[in-house]
Structure formats: C-alpha cells, structure tokens
Amino acid sequence: SKTSDKLSAFLESGIYRFENSNVVFIDPVRMLNRSYTRFRSSPSAYYSRFFDSKETIVTSDSKKRKRKEKKTPHDLNEREQAATLRHQQARPMLLKAHGFLMEATDLLAIMKDLRGGSNICSSTELSEQHSFIEIGKVWQAPLYEIILKGAWKGLERVVPVFNNLVVNETSDDMEAEFLNNKYILPRESCFYMSDLGQVHNLIHECNVGFNLIVIDPPWENGSARQKLRYPTLPNWYFLSLPIKQLAHPDGALVALWMTNREKLHNFVQKELFPSWGVSHEATYYWLKVKADGSLISDLDLFHHRPYECLLLGYFHGQGTNSKQPPRLRPIKHDQIIISIPGEYSRKPPIGGKFLMLVLPLISIELLLEHVADFKPARCIELFAREMTAGWTSWGNEPLHFQQSTSFVRD
Ligand code: SAM
C-alpha cells in the first residue's frame, strides 16, 4: 500500500518522488493545474509529442552527426573534450535516475495514460495561434488592446496588450479576449509583453524585489527547427537583463535554463553570472522521457542529449559577502527532474508558487523551498511563454500557452 499511497499522491500533486534519491518524476499538467480554479490544463494539448513510441529525434543532418560521433577521443577539439567530460560526470546520475523510473512499474502503467483518452485537441485548433511576436513588431502595436473579463459580469477592462503590465489581481481565473481569441489568466498573476529592448520598463512598472527569478533565454543553437518557433539572440544580449534591479536587495535565487553547448556553459560561468552578480551554486537536470518511459534520444548522442541543465545561483544583494544570502536556504545539489516533454522548448513548471502551500508535508526540492523564508515569495519568469498564479511573466509572447484551447473547463 506504500506504493499506492505514492501513486495517489502523484495523481493529486503531479509529483512522484523516488525514495531516498534526488529524483522526481513530474506530470506538468497536474502541476500547472494548481494555478487555476475554474479551468484545467488540457493533457492532450500539453502532451502533443512523445506519446507515440516511434517518435524519435531525427534531424536533417543526422547522418553527418553520426559520422561525427565516431570520432575517437583525440580527434575531439578542446571544447568537445570539455563537453564530453561534463556529460561523463552527469551520466551515471542520469542512468541511475532513469533506472528508478524503469523499475517503478506502477508509475509506468499510469504514465501511458497521462495524455488521457478523450478531448484530444485537433492540431488545427492549436495552430490558430496569433503570433504575438509579429503583431508586437508593427507600428500599430501600441494600439492593440486586450479585454479582461473577471468572474463577475461587469468587471470588464480594456487595456493595451503590449508594453503594459496586464494584471489579474483577483483570486480567480480571468478570461481575456484578444483579436477574437480567448486567453485564461491565472489568479494573482500578471504579464508584461515586450521586446528585450523594453525590459527595463519592468523595473518601474512592477513591484520589484523578486526572490525567485527563472530565466529561459532564446539561446542560439543553430537549429533551423528552432528558428521557425521563435527568434533567438546572440549571448551578449542577455548581459543587459536587469537582474540586479529586479532581485530582492536581500538576495534572490536565480534559475537559468541552459542548452548543452559547451561554449554557452563557459559564457554563463565566466561572463553572464558575474555580470548579473550571481554565483553558481548547483546544477539540476531535466531528463526527458517518452510515455513508455524510454529516453527521448540516446543518452550519448552528442548533439541531442535527452536532458537539459538548469543552473541555480544566488544573487547576493547589497552589502552581503557571505556565501549564502541570509534569508535563502542552502540549495541541494544534482536534483533530477524527469518528465515527458510538451511542445518544442517548453520547460517543466518547476517553480509553481503554490507548491509549498498545497503540499507542506511533502519535501520536494523544486525551487520554492529555497525561498520559503520570504512569505509570500515573489517570483518572475523572464522569456516566459505562459503564466503562473502569483507570478509575473515577461517576454515577447507570455500568452502563448494561455490560449483557451489549451484548457478545459473544470
Ligand atoms: N520557458 C519557455 C517555455 O517553457 O515555454 C520557453 C522560452 S523560449 C526558450 C525563449 C522565448 O524568448 C521565446 O518565447 C521567444 O519568442 C522569446 N524571445 C526571443 N527574442 C526575444 C526578444 N528580443 N525579446 C523578448 N523575448 C524574446
């Protein structure tokens, strides 16, 4: 019955902790649902990939890559060697974590059904997305407005959608209308939709002093597939992010999503974190599996690792030179989060603010635990494509995953 307790906890929370380990399996859909009262995130919309066991990572130049794989160690240049070393260090941990999953037969049985049977969203429905990135660039952008509709009739507001802090201050989901599409805004959340050029407006528009800052930059990776999805930026652009101004003066936890390029790791450690005043403290891994539990690609495939890294660091704040900001808890190292990926580049919702409130007894080392001494923790996501209850979302398309077609009514 211990296992069935664990399963029912998972079905409730979306989090399955492998005992005596640093590994969790999560169902992002269940975690996202904590942000909503009248709506639920649609599993079939979230899990648009990786339920077909035949789906594998295939790239146009995979043949060329295969040839590259065959290089012997001394054919590798310095950077490739460093990347291989980094991978070799993580590899045993990741294999062990994957082993836990493959042994959890009860969980594996449930995983196959996470997408659910009914309500499969048709892909045409999902493709009728507005491109906020394109609309935001036209000269008329400042004239575009969004209609906010609160739970009570009569509570209707019309506000500019770009370069404006759009707030749902109520404790209920809010529906919003933009160019005949509907969007769902979670309770006590807000978004600021703008280009990076206007990111500094955040400092004046919202109450700064964030305790948790999650950042998923549009890193360049040379993949044509990626370029179709969203524009990318050269690394040096991210030096201009106003982390120091956004962070709480007493310190903040900064979580940065990475790609597996060695050049990027160097840049972040040597330039980006130092310029933000952030010290690197720990690395978490997101291991990506298919619905049948298998890895989405071969663990050793050089250019398509089935995992991504999340770097955690402290912003130390003013006048402190202690290792750890006074009100932040120590970070656990090498945590591994396993999940079935959603749409291209969509990251699992590790920060969900209400995690700790809903599950105070389950100790999970997802992000909020480290900022638990700030009540309530103030959180912001940069380059966000979605919103979370209690959070501020900034990016050039923070409504991307908020379209009502991605939700079902409770
Ligand atoms: N974390 C997100 C998720 O889980 O869905 C994915 C973020 S994606 C890696 C990077 C985002 O940055 C994309 O939405 C992209 O459109 C946005 N972006 C690219 N260039 C930008 C710019 N100049 N200003 C603001 N946002 C930009």
Side-chain angles (χ1 to χ4, degrees), residues 26-29 31-32 35 41 45-50 126 129-138 141 161-165 183 186 189 191-203 205 212-223 225-243 246 254-261 264 268 272 284 286 288 307-311 337 339-352 366-367 379-388 391-403 406:
I26 64 168
D27 173 21
V29 174
M31 293 178 75
L32 288 173
S35 280
S41 192
Y46 187 93
Y47 290 119
S48 52
R49 303 185 296 159
F50 299 115
L126 288 175
Q129 279 265 6
H130 290 305
S131 170
F132 291 102
I133 304 174
E134 292 311 314
I135 302 170
K137 278 192 253 181
V138 303
V161 73
F162 295 107
N163 292 298
N164 181 34
L165 191 72
Y183 299 87
S189 69
F191 73 83
Y192 193 94
M193 183 148 54
S194 81
D195 183 74
L196 181 61
Q198 280 79 50
V199 70
H200 283 82
N201 292 348
L202 273 177
I203 299 161
E205 294 277 339
L212 173 57
I213 304 177
V214 175
I215 314 164
D216 185 16
W219 303 117
E220 286 182 331
N221 75 0
S223 135
R225 234 162 84 100
Q226 178 193 40
K227 278 176 195 133
L228 291 172
R229 264 50 179 226
Y230 53 77
T232 57
L233 293 169
N235 292 347
W236 60 267
Y237 274 76
F238 308 121
L239 294 165
S240 73
L241 283 174
I243 303 302
L246 292 172
V254 174
L256 178 70
W257 284 102
M258 299 284 288
T259 65
N260 284 312
R261 299 177 78 202
L264 188 58
V268 169
L272 194 59
Y284 285 13
W286 171 35
K288 307 180 213 178
Y307 64 89
E308 287 182 45
C309 298
L310 180 72
L311 299 191
I337 298 151
S339 76
I340 306 168
E343 250 178 72
Y344 180 80
S345 193
R346 191 172 188 180
K347 306 301 188 296
I350 42 168
L366 302 192
L367 295 180
C379 312
I380 187 167
E381 183 176 344
L382 303 180
F383 299 104
R385 290 194 297 180
E386 65 195 316
M387 300 175 72
T388 308
W391 285 55
T392 301
S393 296
W394 169 82
N396 63 9
E397 49 173 354
L399 291 180
H400 184 82
F401 291 120
Q402 298 306 126
Q403 203 175 328
S406 308

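The figures that follow rest on heavy atoms only: side chains count, while hydrogens, waters and symmetry mates do not. Just follow the structure's listing: the first ligand is 1, and inside any ligand the first atom is 1. Quick caveat: nothing in here was measured; it's all calculated off a predicted structure.
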Winner among Trp394, Phe383, Tyr237 once heavy atoms are compared against atom 12 (O) of ligand 1 = Phe383

Which option out of Tyr230, Phe132, Trp219 puts a heavy atom nearest to atom 15 (C) of ligand 1?
-> Tyr230

I'd like to check whether [X] has a polar contact with ligand 1, where a contact means an N/O of the residue lying under 3.5 Å from an N/O of the ligand.
{"X": "Glu386", "result": "no"}
{"X": "Asp216", "result": "yes"}
{"X": "Arg385", "result": "yes"}
{"X": "Pro217", "result": "no"}
{"X": "Asp195", "result": "yes"}

Side chain or backbone of [X] under 4.0 Å from ligand 1, or both, or neither, by non-hydrogen atoms?
{"X": "Glu397", "result": "side chain"}
{"X": "Ile133", "result": "side chain"}
{"X": "Glu381", "result": "side chain"}
{"X": "Ala384", "result": "neither"}
{"X": "Phe401", "result": "side chain"}
{"X": "Leu233", "result": "side chain"}

Indicate yes or no for a side-chain donor-acceptor contact from Arg261 to the backbone of Glu220 under 3.5 Å, with no hydrogens or angles considered.
-> yes

[X] and [Y]: side chain donor to acceptor below 3.5 Å:
{"X": "Asn164", "Y": "Tyr192", "result": "no"}
{"X": "Asp27", "Y": "Tyr47", "result": "yes"}
{"X": "Trp394", "Y": "Ser194", "result": "yes"}

Ligand 1 atoms nearer than 4.0 angstrom to some heavy atom of Ser194 are 25 (C)

Taking the six-membered ring of Phe401, is the NZ or CZ of Arg346 close enough (under 6.0 Å from the centre) and on axis enough (within 45°)?
-> yes

Looking at Glu308 and Lys288, does any basic side-chain N land under 4.0 Å from a carboxylate oxygen?
-> yes

Determine whether the aromatic ring centres of Tyr183 and Phe191 lie less than 6.0 Å apart.
-> no

